[in-house]
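Protein chains get the first letters and strands the later ones, always in sequence-line order, with residue 1 at the start of each. Not measured: the values here are computed from a predicted model.
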2 protein chains.
Amino acid sequence: MVTNMNTNQRFAISVHALTLLAANADPLTSEAIASSVGTNPVVIRRTMASLRELDIVESKSGTNGGWSLAREPKKIGLCEVYRSLGEVNVLTVHGHPNKLCSIGGNISGVLQSVFDDAQSELEKALAGYTVADILKDVLKKANGSA
Amino acid sequence: MVTNMNTNQRFAISVHALTLLAANADPLTSEAIASSVGTNPVVIRRTMASLRELDIVESKSGTNGGWSLAREPKKIGLCEVYRSLGEVNVLTVHGHPNKLCSIGGNISGVLQSVFDDAQSELEKALAGYTVADILKDVLKKANGSA
DNA sequence: TAATTTGTAACTATAATGGTTACAAATATG
DNA sequence: CATATTTGTAACCATTATAGTTACAAATTA
């Protein structure tokens, strides 16, 4: 069985978009990014707007406008990109345990601290990669298979 | 913003149920477990059936039947419990990147390996806890606040 | 035989997600 | 200034995953 606990593609889209920007000197339009990512420009705008809040990208309206990196690719860690998605919990405590049960009444806090620990390890791993790393690996593949 | 990448409570439910079994000598019915977890017996049966496939629990039909642990609590690591959910991917690669683009055509594999790395760290963290640990912490809370 | 309990299929309600349309606001160009 | 370009954002829809629920068959015990 394959369970998709997470059909959320926003993180992958974010990294893809940033990698694309890192590979291009000029700003790219939502349209152009959407074409590479394989989605709709509005989806890109939504995603990029979150990244802009963390000063990872900048936008400019109008002719010759578009999106560009606000920092060098090697200064953009994937954990920060991940955090642009908001307060994500990859593991979720269940909703309504029975407060009258000694287990049910006390397990939520215990689970939450375990889940926090696990997620922190996940984020630590993501922090080990930058957009520059991703671009390098992508280009390596592109040249290797060209 | 709070994004629930994951509204899946099955893992929390699994750990809760196992902790409950660890705290009780006799088998517990789906009904009893459901009452502590705060859900429906059928949800419990579904969850427990997955755990049974990994020989973490056993079931018995009929009067005085129910669910029991197939192993000592300290021999049940949370990573294994997590794996009972199936092939879970906490980070998902996006669907349709543009194959004609050098970035779009090569990023999926790169992302997947990063995601695999991150998830492996998450699972490693989970492997550091056993059902016995959870029970101990829950009972500590229960006594502390009693 | 009757009561208990799991096994499982089928259906529903809810919610998250991504895709899409529509249009306002900002900007550049001629 | 007028026009084309491009982002900003609200609104809505289709799809999907999830959990909850009902219903009933199968197994087990007494």
Side-chain angles (χ1 to χ4, degrees), chain A residues 1-14 16-17 21 26-35 37-53 57-68 70 85-97, chain B residues 1-14 16-17 21 26-35 37-53 57-68 70 85-97:
Chain A
M1 179 191 34
V2 177
T3 299
N4 249 4
M5 262 194 168
N6 160 20
T7 317
N8 197 325
Q9 310 181 2
R10 282 203 298 145
F11 181 53
I13 291 176
S14 299
H16 182 151
L21 292 180
D26 295 328
L28 295 178
T29 64
S30 305
E31 178 75 38
I33 298 171
S35 158
V37 169
T39 185
N40 189 290
V42 176
V43 172
I44 296 299
R45 287 189 202 120
R46 286 202 281 240
T47 301
M48 303 307 275
S50 301
L51 292 168
R52 188 183 41 208
E53 281 181 29
V57 298
E58 295 167 338
S59 65
K60 217 175 88 175
S61 287
T63 309
N64 296 323
W67 300 90
S68 44
L85 305 180
E87 197 181 295
V88 176
N89 297 302
V90 295
L91 300 173
T92 308
V93 172
H94 53 314
H96 313 293
Chain B
M1 180 191 33
V2 178
T3 299
N4 247 5
M5 262 195 167
N6 159 22
T7 315
N8 197 325
Q9 310 181 3
R10 282 203 297 145
F11 182 53
I13 291 175
S14 299
H16 183 151
L21 291 181
D26 296 327
L28 294 177
T29 63
S30 306
E31 179 75 36
I33 299 171
S35 158
V37 168
T39 185
N40 190 292
V42 176
V43 171
I44 296 299
R45 285 186 202 122
R46 287 201 282 241
T47 301
M48 303 307 276
S50 301
L51 292 168
R52 188 181 43 208
E53 281 181 28
V57 299
E58 296 169 337
S59 65
K60 219 176 85 175
S61 287
T63 308
N64 296 323
W67 301 92
S68 42
L85 305 180
E87 196 181 298
V88 176
N89 296 302
V90 294
L91 300 173
T92 309
V93 173
H94 54 316
H96 314 293

What are the two closest non-hydrogen atoms of T39(B) and I44(B), and how far apart are they?
CG2-CD1, 3.8 Å
Round to the nearest Å and state the distance from R10(B) atom CZ to dA19(D) atom C1'.
11 Å
Is T47(B) reaching over with its side chain to a backbone N or O of V43(B), donor-acceptor style, under 3.5 angstrom?
yes
Looking at the side chain of T63(B), which of dT29(C), dA22(C), dT4(C) is the nearest nucleotide?
dT4(C)
Take W67(B) and T39(A), find for each the nucleotide of DNA chain C with the closest heavy atom, and name the residue whose nucleotide sits nearer the 5' end.
W67(B)
Tell me which nucleotide among dT20(C), dA4(D), dT28(D) gets nearest to the side chain of K60(B).
dT28(D)
Protein-nucleotide distance (E58(B), atom CD; dT6(C), atom P), rounded to Å:
14 Å
Side-chain contact, heavy-atom cut-off 4.5 Å: E58(B) with R52(B)?
no
Can you figure out which of dG18(C), dT21(C), dG20(D) approaches the side chain of V43(B) most closely?
dG20(D)
To the nearest Å, how far apart are H94(A) NE2 and dT18(D) C1'?
16 Å
Nearest-nucleotide check on DNA chain D, G65(B) vs E31(A); residue mapping nearer the 5' end is E31(A)
Which nucleotide wins on minimum distance to the side chain of N8(A), given the candidates dT9(D), dT22(D), dG18(C)?
dG18(C)
Please report, rounded to the nearest Å, how far the P atom of dA17(D) is from the CG atom of N89(B).
13 Å
Name the nucleic acid region contacted by G66(A), choosing base, sugar-phosphate or nothing; use a 4.0 angstrom heavy-atom cut-off, strictly under.
sugar-phosphate
In terms of heavy-atom contacts, R10(A) and L85(A) come closest through NH2-O, 3.2 Å
Ignoring hydrogens, what is the shortest heavy-atom contact between S30(A) and W67(A)? Give both atom names and the distance.
OG-NE1, 2.9 Å
Select one nucleotide: of dA19(D), dT8(C), dT7(D), the one nearest the side-chain heavy atoms of R45(B).
dT8(C)
Between C1' of dT14(C) and CD of Q9(B), the distance in whole Å
12 Å
S61(A) has a side chain; which of dT5(C), dG18(C), dT6(D) sits nearest to it?
dT6(D)
Donor-acceptor pair under 3.5 Å: do we get one between R46(A)'s side chain and the base of dT20(C)?
yes
Given dT28(D), is OP1 or OP2 found less than 4.0 Å from the side-chain N or O atoms of N64(B)?
no
Nearest-Å distance, NE2 (H96(A)) to P (dT21(D))?
10 Å
Does S59(A) have a side-chain nitrogen or oxygen under 4.0 Å from the phosphate oxygens OP1 or OP2 of dG8(D)?
yes
Side chains of V37(B) and H96(A) in contact at under 4.5 Å (non-hydrogen atoms):
no
Regarding N40(A), tell me which of base, sugar-phosphate or nothing describes its non-hydrogen contacts under 4.0 Å with the strands shown.
base
Can you tell me the distance, in whole Å, between the CD1 atom of I44(B) and the C1' atom of dT5(C)?
15 Å
Return the value, rounded to whole Å, for the distance between atom CG of L51(A) and atom P of dT7(D).
14 Å
